[in-house]
2 protein chains.
Amino acid sequence: MVTIGDVAKAAGVSRSTASYALTGKRSISLAVRERVLAAVDELGYTPNAGARALATSQTRVIGLLARFLDDEFAPAMLQYILGVTNRARELGYDTLLVSEEDGVRALARLSASRMVDGFVLLNVAEDDDRLPVLRAASQPGALVGLPGITKGVDVFDLDFAASGRVMVERLHALGHTELILVSQPEHVVERGGAYVWRLADAAMDRAQQLGVTLHHYHASSSQPGIGRDLNRYLDRHVAATGLLLNNEAAAAALPRVLADRDLESPRDLSVIGRYSQEFARTFSLPYSAIDSAADELGRRAVQQLVARIEGGLELNAKTVVDLIPPVIEDRGSIAPPPSR
Amino acid sequence: MVTIGDVAKAAGVSRSTASYALTGKRSISLAVRERVLAAVDELGYTPNAGARALATSQTRVIGLLARFLDDEFAPAMLQYILGVTNRARELGYDTLLVSEEDGVRALARLSASRMVDGFVLLNVAEDDDRLPVLRAASQPGALVGLPGITKGVDVFDLDFAASGRVMVERLHALGHTELILVSQPEHVVERGGAYVWRLADAAMDRAQQLGVTLHHYHASSSQPGIGRDLNRYLDRHVAATGLLLNNEAAAAALPRVLADRDLESPRDLSVIGRYSQEFARTFSLPYSAIDSAADELGRRAVQQLVARIEGGLELNAKTVVDLIPPVIEDRGSIAPPPSR
DNA sequence: CTGAAAGCGCTTACAG
DNA sequence: CTGAAAGCGCTTACAG
């Protein structure tokens with residue numbers, strides 16, 4: 001393999017000069033720099049990553065800790081991953097993707113072996129067991145998902161509380177007075193999926209303030225269970241005129257359920273969901289929805305992480321908790337309730 | 001940070017002895033080994049990955065080159081990725097995930113900088129521009145997807161030709177004589193998605209041999225286009241009694257289309273698809289289908305790659321082209337045609 | 001069975 | 001503006 005020594009020899013300079021010519025960390029005469037660059041080109045030189053990491057203590061790699069839970073909608077995870085890898089690359093970083101069960105061990109291993117300069121944690125739980133390890137690590141970390149304690153880490157998430165409020169407000173403003181909220185299943189909550197109750201609690205509060213009746217259910221996250229659940233709720237609350245969905249599987253199942261019941265949205269029922277645009281597009285879901293902003297959240301987390309790694313932030317700059325305000329993608333499924 | 005020097009000092013031995021005690025590359029007296037191990041434990045020592053890579057020329061990282069194309073069904077990609085990362089970890093490797101547009105550049109960069117020990121390429125096209133670079137690289141590579149020329153690389157894919165034949169044979173055996181095959185859109189083929197015509201050609205051939213009429217269409221890969229397409233084909237070929245799907249979006253759209261036409265499968269129409277079990281489960285697709293085996297393909301590719309990296313294969317052992325035979329996951333959507 | 005030393009390929013103070 | 005040298009933290013022939 002071609003080393004910086006080869007480049008130096010070809011350019012007729014010392015190795016240090018060749019190195020400086022490439023890193024630009026001290027001024028080099030134009031003539032020398034051009035000879036070095038020419039040699040690099042001719043020999044096809046690329047620095048050895050391991051050697052550079054050893055010398056600089058910087059790998060230019062970030063560790064991405066995914067976390068796949070049963071009963072969650074896996075395909076949605078891909079958008080987060082792509083947001084992270086793409087933004088990282090734009091900033092000159094590569095991404096080490098870890099999907100192993102035992103996120104704690106993976107984190108400790110990557111940190112101690114100094115394989116990465118920092119971490120992005122996906123799908124962070126209310127009381128995430130990876131957080132103590134991350135706080136003890138010598139590399140910075142950014143989270144996608146809001147944990148109970150945010151000390152020492154940068155946090156990015158959709159503002160689920162605001163999302164819950166907006167859903168209710170939007171329908172209330174149109175004259176709806178009885179709504180149904182369908183959330184993820186209960187075990188998602190138990191495993192730390194705090195976003196579920198953050199949205200639900202805020203929605204309930206707002207409903208109460210506005211005098212709106214809101215029925216809340218945790219439904220199955222896969223078909224056919226979710227289809228049966230939806231039918232049950234609609235049977236039980238015949239006066240309800242609006243449906244709020246914080247459950248991807250429910251959104252995917254709904255077109256069929258409505259068709260079977262001879263209902264049309266928004267004529268008979270207003271519907272507003274919370275899922276990614278990508279998801280909506282793939283399945284052509286006809287419902288207005290708050291975008292999960294998966295790609296954007298991944299990008300922001302990386303951006304902040306790299307700023308910390310490179311010290312663009314003052315040392316110990318206060319950590320940030322960035323909750324993206326909900327944006328409703330309007331697909332025409334919200335309207336005034338049917339007049340009786 | 002704690003280095004092997006610290007461990008050696010704590011154990012009262014030389015650094016080389018400490019190293020040998022850990023790698024096991026030469027015999028060490030029990031007493032010494034135990035002192036070293038105790039020191040490791042006490043100090044919490046983990047080898048520095050960069051230093052080790054520099055000394056051994058081995059990174060224990062594999063490069064995973066994904067390739068996302070418009071008009072392909074993105075969520076399916078996640079299964080391949082997980083198969084790769086999980087199997088890699090089992091074998092002691094981490095995975096560097098690259099999603100950038102320019103796969104050629106990424107490959108060249110990772111190879112030249114020696115960031116990885118080998119490559120897994122996903123979604124390989126008939127005439128994939130990454131292959132010349134891979135063949136010139138000093139690291140081995142394994143492909144998921146069958147290219148036109150397989151020289152110098154290990155290849156893993158579903159046997160799409162056999163899949164096409166099996167679909168036709170299965171329905172023919174039950175008495176069907178007129179079928180419709182719905183493939184991915186034409187631009188997928190143009191961009192090198194050879195699996196599309198591999199399945200279609202084999203199905204056509206087999207149909208001809210068996211005296212079965214087979215109508216073949218390239219349909220849209222997203223809704224609502226695909227729904228309209230399906231309706232058009234069913235309108236046009238009212239005598240057709242079986243539907244073959246090599247298009248995930250078509251499978252997702254079909255339940256709605258059949259319901260709207262008051263058709264039931266398999267009573268009125270036998271259906272057989274080709275998509276992943278994961279996909280079927282998520283959307284509860286009620287159709288028998290050939291499993292894409294995404295997870296399994298990812299795992300096999302890694303397995304073979306690691307064997308090459310570690311020389312478990314004789315040097316220059318012949319490369320392998322491993323086409324997984326189609327397995328039909330029976331979901332009860334195939335039956336004899338309706339009697340007139 | 002163990003140790004002292006060289007070397008992997010970089011970067012970066014230290015000198016001039 | 002440039003060079004000689006030390007050092008990053010490992011592994012592994014070479015000696016004993």
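A, B, ... follow the sequence lines: proteins, then strands. Residue 1 opens every chain. Quick caveat, the model's predicted, so the values are computed rather than measured.
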Atom-pair distance ([atom1] on [X]; [atom2] on [N]), nearest Å:
X	N	atom1	atom2	value
A/Lys9	C/dG9	NZ	P	12 Å
A/Asp6	C/dC10	CG	C1'	13 Å
B/Asn48	D/dG9	CG	C1'	6 Å
B/Leu54	D/dC8	CG	P	14 Å

| message | At under 4.0 Å between heavy atoms, how does the protein contact nucleotides 11-16 of chain D? Give one character per nucleotide, 5' to 3', with B, S or -. | response | BBBB--
side-chain hydrogen bond (donor to acceptor under 3.5 Å, both in side chains) involving [X] - partner list, sequence neighbours excluded:
X	answer
B/Tyr20	none
A/Ser99	B/Thr85, B/Asn86
A/Ser57	none
A/Ser19	none

| said: Whether the side chain of A/Ser292 engages the backbone of A/Ser276 through a donor-acceptor N/O pair (distance < 3.5 Å, no angle test) should be reported. | reply: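 Confirmed, A/Ser292 side chain pairs with A/Ser276 backbone.
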| request: Specify the closest pair of heavy atoms between B/Val2 and B/Gly44, including all atoms of both residues, with the distance to one decimal. | output: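 Closest approach of B/Val2 to B/Gly44, heavy atoms only: CG1-O, 3.9 Å.
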| request: For B/Ile81 and A/Leu97, work out which heavy atoms get closest and say how close. | output: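 Smallest heavy-atom distance, with atoms named: CG2-CD2, 3.6 Å.
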| task | Could you identify which residues of residues 106-118 of chain B place a heavy atom less than 4.0 Å from some atom of DNA chain D, listed by residue number, or say none? | result |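 Those residues: none at all.
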| task | Answer yes or no: is there an ion pair linking B/Asp94 with B/Arg60, defined by an N-O contact shorter than 4.0 Å? | result |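 A salt bridge is absent here (no side-chain N lies under 4.0 Å from a carboxylate O).
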| Side-chain ion pair, A/Arg109 and A/Glu100, N-O less than 4.0 Å |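 Answer for the salt bridge query: yes.
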| field | Residue met sooner reading DNA chain C from 5', once B/Ser57 and B/Ser29 are mapped to nucleotides | value |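 Closer to the 5' end of DNA chain C: B/Ser29.
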| message | Could you spell out the base pairing of DNA chain C as a dot-bracket line? Use Watson-Crick and G-U wobble contacts where both distances are under 3.5 Å, [ ] for crossing pairs, | for partners on a different strand. | response | |||.||||||||.|||
Would you be so kind as to tabulate the donor-acceptor pairs closer than 3.5 Å made by side chains of residues 129-146 of chain B, with sequence neighbours excluded?
{"residue": "B/Arg130", "atom": "NE", "partner": "B/Asp128", "partner atom": "OD1", "Å": "2.9"}
{"residue": "B/Arg130", "atom": "NH1", "partner": "B/Leu65", "partner atom": "O", "Å": "3.4"}
{"residue": "B/Arg130", "atom": "NH2", "partner": "B/Leu122", "partner atom": "O", "Å": "2.9"}
{"residue": "B/Arg130", "atom": "NH2", "partner": "B/Asp128", "partner atom": "OD2", "Å": "3.0"}
{"residue": "B/Arg135", "atom": "NE", "partner": "B/Lys151", "partner atom": "O", "Å": "2.5"}
{"residue": "B/Arg135", "atom": "NH2", "partner": "B/Ile149", "partner atom": "O", "Å": "2.8"}
{"residue": "B/Arg135", "atom": "NH2", "partner": "B/Lys151", "partner atom": "O", "Å": "3.4"}
{"residue": "B/Ser138", "atom": "OG", "partner": "B/Arg114", "partner atom": "NH2", "Å": "2.8"}
{"residue": "B/Gln139", "atom": "OE1", "partner": "B/Ser111", "partner atom": "OG", "Å": "2.7"}
{"residue": "B/Gln139", "atom": "NE2", "partner": "B/Ser111", "partner atom": "O", "Å": "3.1"}

| request: Quick one: list whatever passes side-chain contact (heavy atoms from CB on, under 4.5 Å) with A/Asp295, sequence neighbours left out. | output: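 A/Asp295 satisfies side-chain contact (heavy atoms from CB on, under 4.5 Å) with A/Arg299 only.
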| Partners meeting salt bridge (Lys or Arg N to Asp or Glu O under 4.0 Å) with A/Asp117 (sequence neighbours left out) |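 Counting only residues at least two positions away or on another chain, A/Asp117 forms no salt bridge (Lys or Arg N to Asp or Glu O under 4.0 Å).
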| What residues in residues 31-43 of chain A put a non-hydrogen atom under 4.0 Å from any atom of DNA chain C? |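 Within residues 31-43 of chain A, no residue comes under 4.0 Å of DNA chain C.
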| field | D/dT2 phosphate, OP1 or OP2, under 4.0 Å from A/Ser14 side-chain N/O | value |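 For D/dT2, OP1/OP2 do not have a side-chain N/O of A/Ser14 under 4.0 Å.
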Considering only distance and modelled atom types, tabulate donor-acceptor pairs under 3.5 Å from the side chains of residues 26-37 of chain A, sequence neighbours left out.
{"residue": "A/Ser29", "atom": "OG", "partner": "A/Val32", "partner atom": "N", "Å": "3.4"}
{"residue": "A/Arg35", "atom": "NH1", "partner": "A/Ala11", "partner atom": "O", "Å": "2.7"}

| said: Which nucleotide wins on minimum distance to the side chain of A/Val13, given the candidates D/dG3, C/dG9, C/dA4? | reply: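 Within the option list, the nearest is D/dG3.
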